[in-house]
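Note that this is a predicted model, so its numbers are computed, not measured.
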Amino acid sequence: MTFIQKWPEQGWALLHLFLVTSFSQAEEQGCRLRGDPENPQLVMDGDILLGGLFSFHTSWKERENTYTEKPPPLQCTSLNFREFQLAQTMLFAIEEINNRSELLPGISLGYRIYDSCGSIARSIKGALALVNGNENVSDTSKGCTKPANVQAIMGEASSSPSMAIATVIGPFHIPLISHFATCACLSDKSKYPSFLRTIPSDYYQSRALAQLVKHFGWTWVGAVRSNEDYGNNGMAIFTETAQQLGICVEYSMTFYRTDSSDKIQRLIEVIKGATSRVVVGFLAHMDMEVLIQHLSNYNLTGYQWVGTEAWIFDSVTVSRDKNHILDGAIGLYIPKAHVSGLREFMFDLRPLNSSNTDLFTEFWEGLFSCRFKPSLSAEVQKECTGHENLTGVENIFTDMSHMSILNNMYKGVYAVAHALHTVLSCNRTCDINMKLDPLTILRHIKNIHFKTKEGDEVYFNENGDPAAKYEIINWQRKENGIVDFVTVGLYDASLPPDKQMNLQNESLVWAQNSKEVPVSVCNERCPPGTRKVLQKGKPVCCYDCIKCAEGEISNSTDSVSCVRCHLESWPNEKRDACIKKEAVFLSYEEIMGALFTAASLFGTCLTSAVAYIFVTYRNTPLVRANNSELSFLLLFSLTLCFLCSLTFIGQPSDWSCMLRHTSFGITFVLCISCVLGKTIVVLMAFKATLPGRNVMKWFGPVQQRLSVLGFTVVQVIICILWLIISPPFPSKNFKEFKDKIILECSLGSAVGFWAVLGYIGFLATLCFICAFLARKLPDNFNEAKFITFSMLIFCAVWITFIPAYVSSPGKFSVAVEIFAILASAFGLLICIFIPKCYVILMKPEKNTKKRMMGKGA
């Protein structure tokens with residue numbers, strides 16, 4: 001994170017001056033300090049010195065440079081008590097190490113601590129002073145070859161100055177150990193070889209924040225970041241990870257505490273005009289403290305804030321949140337820690353009064369809100385006595401809630417001490433005469449692995465970073481108005497991905513004290529049965545939900561595509577599951593099947609009744625005159641025709657498919673053969689009555705039987721060939737209906753089917769021609785007239801059958817075939833036999849031989 005303001009434009013010129021001074025060779029053989037010497041604010045001598053860079057002030061007074069005279073020293077303003085806490089922690093660790101006999105025995109550590117004033121240029125100047133010393137003129141006889149003044153530097157708290165310092169001192173291999181600079185860019189050892197830190201890199205924090213956002217289903221978020229290295233680099237990693245997790249950033253705005261009112265106004269308008277309800281704030285705590293005041297002025301409540309370790313645990317930010325804008329905020333923070341003895345040492349202000357009287361005086365006046373000298377300002381303050389007590393004082397300096405950050409500083413000092421202990425080959429004593437090499441110390445710091453007195457493990461990875469562990473903090477405002485920072489979960493980057501985040505969702509409190517998880521999406525999630533279609537020109541999180549097409553389903557939320565159902569299944573009404581298609585066939589249970597069954601049975605019964613009448617009256621002239629043998633065979637074949645229609649009803653099977661077409665073909669040929677025989681008999685009988693004609697001997701009973709048998713055998717042969725070559729078989733038709741399966745009999749060989757029908761048609765045509773030729777015979781022998789009518793009906797039925805059969809879908813084609821069978825069978829039965837039965841039963845007086853022969857005489 002950062003506690004530093006932007007440096008002035010002339011800072012770059014100053015930096016260039018320092019670099020030239022540090023790296024260029026003077027004309028004379030010695031080194032000479034250019035510019036005014038920089039004196040440390042806190043000093044303690046020792047055998048080995050550690051350096052410290054802290055922003056005891058956060059700003060400075062602006063000045064105008066005339067470039068005609070030497071600029072005056074930077075005048076720092078705005079005390080930062082948190083940095084005093086960190087300095088006290090460094091002093092505490094050094095004093096504790098000096099008092100220990102098992103660590104660096106016989107060696108005393110000292111320190112040189114500089115105030116960077118929130119200026120990057122001043123931070124670099126202080127770092128160079130720590131490395132080179134602040135003597136005005138060096139011994140020209142020795143040249144610029146003296147060893148480094150300090151063996152390691154502690155600080156800075158922020159990423160931007162840490163990057164600048166690490167760039168300058170990196171070539172000298174002076175270790176720079178930061179307790180709070182989290183920018184992931186600092187892990188690049190090619191740029192910052194001597195940088196280490198005791199706080200996890202933002203690489204892990206940014207990824208953890210993205211996973212936290214994803215965990216709650218927020219796919220449409222806004223982002224506000226500090227306009228410096230900490231915010232820009234951290235937000236870049238967050239955005240990249242968010243995209244990988246399917247999260248879209250609606251807007252990403254920069255903010256810095258010195259921004260103009262116009263820029264802040266634009267930021268407010270963007271937040272208010274956005275549709276996302278979750279805002280990720282990758283902000284330094286001082287930026288957040290300023291931003292929250294502006295947000296309060298516009299009363300921008302109702303937004304769910306997600307924060308970083310920089311401000312999520314900051315009590316100052318809480319105190320400035322007057323309108324409860326950040327209530328329910330959730331974010332990551334360094335795990336809580338405890339350093340025994342630090343609190344008591346913190347409240348002992350004597351170490352801070354070691355050298356710089358002016359700084360300590362300013363610190364004392366700010367700490368106790370008093371003045372040693374009367375102030376010229378209109379504000380009235382009490383006079384300082386110098387005996388004020390910290391008991392009962394509540395401010396940032398006495399607030400020990402940030403013990404985790406202080407513990408980072410504590411671990412950093414101990415890391416240097418353990419490395420020195422190894423380098424100096426310390427056992428009971430240390431080799432005080434050994435010449436210390438910064439590169440050797442740096443290597444040993446990278447390889448240290450120890451535990452503090454509180455049991456915390458301290459080690460660095462290959463990038464100089466510690467293990468990444470965070471607590472998940474939730475702001476929960478109590479009834480008395482006090483905000484509690486409640487730990488609601490943990491994040492450990494060292495664990496497997498599915499176990500890194502552990503959250504207690506039931507204990508969370510959200511924005512506006514709500515217990516329900518806020519919703520922040522560009523669109524509502526697409527329910528099952530729909531798929532996502534991206535909206536043109538918008539991020540991938542903005543989409544329309546389109547219902548799956550016919551035959552397709554999606555059984556998950558936010559599906560990007562629909563899956564086509566298997567051929568035998570079909571989507572349900574919601575199109576979120578495939579259900580088995582309804583199998584459709586002409587069954588006995590449905591009305592159409594029942595009607596056909598009834599008609600078939602009725603025809604069978606009617607045929608049986610006619611047969612019974614003919615058997616009963618078989619010796620009557622009418623029956624005998626109509627060739628009773630062919631009549632009985634015709635009635636038998638008609639019975640079979642009526643019954644064969646039943647094979648077309650019911651679920652198709654291998655046997656039913658082969659039986660229905662072959663039985664139909666054979667029985668109808670038998671039937672037509674009988675009719676043809678009867679027609680020929682009529683013709684022959686008439687011709688036989690003519691003088692000199694004896695044609696009946698050529699078509700007697702034997703010939704009649706042989707003709708019927710011969711015609712039928714031809715059809716039998718056709719059917720056998722059909723069944724052998726390519727028989728009909730049951731099949732499933734998926735084409736006619738999308739949501740149904742038609743169970744039908746496939747013809748197998750279409751040639752076989754049409755050959756059967758064609759042969760029947762040929763015999764029917766032949767029979768019709770013969771009957772037509774006999775239509776003008778005498779009335780008593782005019783059976784040909786009825787045969788002609790029956791053949792007309794038969795031919796009409798089967799001619800219309802062909803287009804109806806071809807165009808009818810599914811079971812209706814079967815119904816057309818059954819109808820044709822029944823219609824033609826009823827036509828033959830009614831036209832040929834019903835008139836005879838009428839005479840036999842209703843007009844018995846006409847059923848005499850005399851009557852049969854009368855008109856023919």
Side-chain angles (χ1 to χ4, degrees), residues 217 219 246 521 523-536 540-598 645-661 726-750 753 801-820:
T219 57
V521 293
N523 295 91
E524 291 295 330
R525 303 183 71 182
C526 289
T530 62
R531 63 182 177 90
K532 298 195 296 186
V533 176
L534 298 182
Q535 296 178 0
K536 188 175 181 180
V540 294
C541 299
C542 298
Y543 47 81
D544 295 318
C545 297
I546 305 298
K547 193 172 184 179
C548 289
E550 281 190 346
E552 297 181 345
I553 66 154
S554 65
N555 56 8
S556 61
T557 305
D558 280 345
S559 177
V560 296
S561 61
C562 297
V563 180
R564 182 163 292 278
C565 289
H566 187 266
L567 274 176
E568 296 192 8
S569 56
W570 188 254
N572 58 4
E573 188 175 344
K574 294 182 179 179
R575 299 189 183 179
D576 58 0
C578 290
I579 56 177
K580 194 171 180 62
K581 287 182 180 179
E582 178 188 359
V584 177
F585 57 89
L586 189 60
S587 65
Y588 294 101
E589 288 77 14
E590 60 182 296
I591 296 176
M592 188 186 300
L595 290 175
F596 281 136
T597 302
S645 64
L646 297 177
T647 62
F648 288 83
I649 304 175
Q651 184 171 343
S653 64
D654 290 332
W655 285 105
S656 67
C657 287
M658 290 188 288
L659 181 63
R660 64 172 60 173
H661 290 100
S726 181
F729 58 90
S731 64
K732 296 177 180 179
N733 186 343
F734 301 101
K735 297 180 180 179
E736 298 294 343
F737 299 100
K738 297 176 181 178
D739 56 344
K740 295 177 182 178
I741 302 175
I742 300 174
L743 302 182
E744 60 185 10
C745 286
S746 182
L747 297 176
S749 172
F753 174 72
F801 160 78
I802 294 173
Y805 179 82
V806 172
S807 60
S808 297
K811 65 181 181 180
F812 297 104
S813 64
V814 178
V816 168
E817 195 166 357
I818 295 174
F819 177 80

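- Once rounded to the nearest 0.5 Å, the distance linking SG of Cys562 with NZ of Lys532 reads 12.5 Å.
- For Phe812, the CZ atom sits in a loose shell: 12 or fewer heavy atoms of surrounding residues, nucleotides or ligands are nearer than 6.0 Å.
- A donor-acceptor distance shorter than 3.5 angstrom exists from the side chain of Arg660 to the backbone of Thr647, with no hydrogens or angles considered.
- By the side-chain hydrogen bond (donor to acceptor under 3.5 Å, both in side chains) test, Asp739 pairs with no residue at all, sequence neighbours left out.
- Of the possible donor and acceptor atoms, none in the side chain of Ser731 sits under 3.5 Å from a partner among the backbone N and O of Cys745.
- In this structure, CG in Leu747 is found 9.0 Å from CZ in Phe729, a value given to the nearest 0.5 Å.
- Cys526 SG to Lys547 NZ: the interatomic distance, rounded to the nearest 0.5 Å, is 13.5 Å.
- In this view, Thr530 satisfies the side-chain hydrogen bond (donor to acceptor under 3.5 Å, both in side chains) rule with no residue, not counting sequence neighbours.
- The minimum heavy-atom distance linking Ile649 with Phe596 is given by the pair CD1-CB, 4.0 Å.
- Not counting sequence neighbours, Glu744 has no partner by the salt bridge (Lys or Arg N to Asp or Glu O under 4.0 Å) test.
- A donor-acceptor pair under 3.5 Å is absent between the side-chain atoms of Asn733 and the main chain of Ile742, judged by distance alone.
- Residues that satisfy the side chain to side chain contact (heavy atoms under 4.5 Å, CB included) test with Ala820, not counting sequence neighbours, are Val797, Trp798, Phe801.
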Would you sort out whether Cys541 and Asn523 count as a side chain to side chain contact (heavy atoms under 4.5 Å, CB included), showing the intermediate values? CA-CA 7 Å; Cys541 299; Asn523 295 91; over 6 Å; no
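- Here the CD1-CD1 distance, from Ile553 to Ile579, works out to 10.5 Å after rounding to the nearest 0.5 Å.
- Judged purely by atom type and a 3.5 angstrom limit, Thr597 uses its side chain to pair as donor or acceptor with the backbone of Gly593.
- At a threshold of 4.5 Å between non-hydrogen side-chain atoms, the residues Val560 and Tyr543 do not count as touching.
- Minimum heavy-atom separation, Glu524 to Cys545: O-SG, 4.1 Å.
- Pairs passing the side chain to side chain donor-acceptor pair (under 3.5 Å) check and including a residue from residues 569-578, sequence neighbours excluded, read Asn572-Asp576.
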When you look at Ser554 and Arg531, which way does the side chain to side chain contact (heavy atoms under 4.5 Å, CB included) test go after all the steps? CA-CA 7 Å; Ser554 65; Arg531 63 182 177 90; 5.6 Å; no
Trace of the side chain to side chain contact (heavy atoms under 4.5 Å, CB included) decision for Phe585 with Val814: CA-CA 9 Å; Phe585 57 89; Val814 178; over 6 Å; no
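- Judged purely by atom type and a 3.5 angstrom limit, Ser556 has no side-chain atom pairing as donor or acceptor with the backbone of Ser559.
- Contacts of Glu550 classified as salt bridge (Lys or Arg N to Asp or Glu O under 4.0 Å), with partners at least two apart in sequence or in another chain: Lys738.
- The shortest heavy-atom contact between Lys581 and Leu567 is NZ-O, 2.9 Å.
- The minimum heavy-atom distance linking Met592 with Leu586 is given by the pair SD-CD1, 3.9 Å.
- Closest heavy-atom contact between Glu817 and Phe753: OE2-CE1, 4.0 Å.
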Stepwise side chain to side chain contact (heavy atoms under 4.5 Å, CB included) check, Arg564 with Glu552: CA-CA 4 Å; Arg564 182 163 292 278; Glu552 297 181 345; 3.6 Å; yes
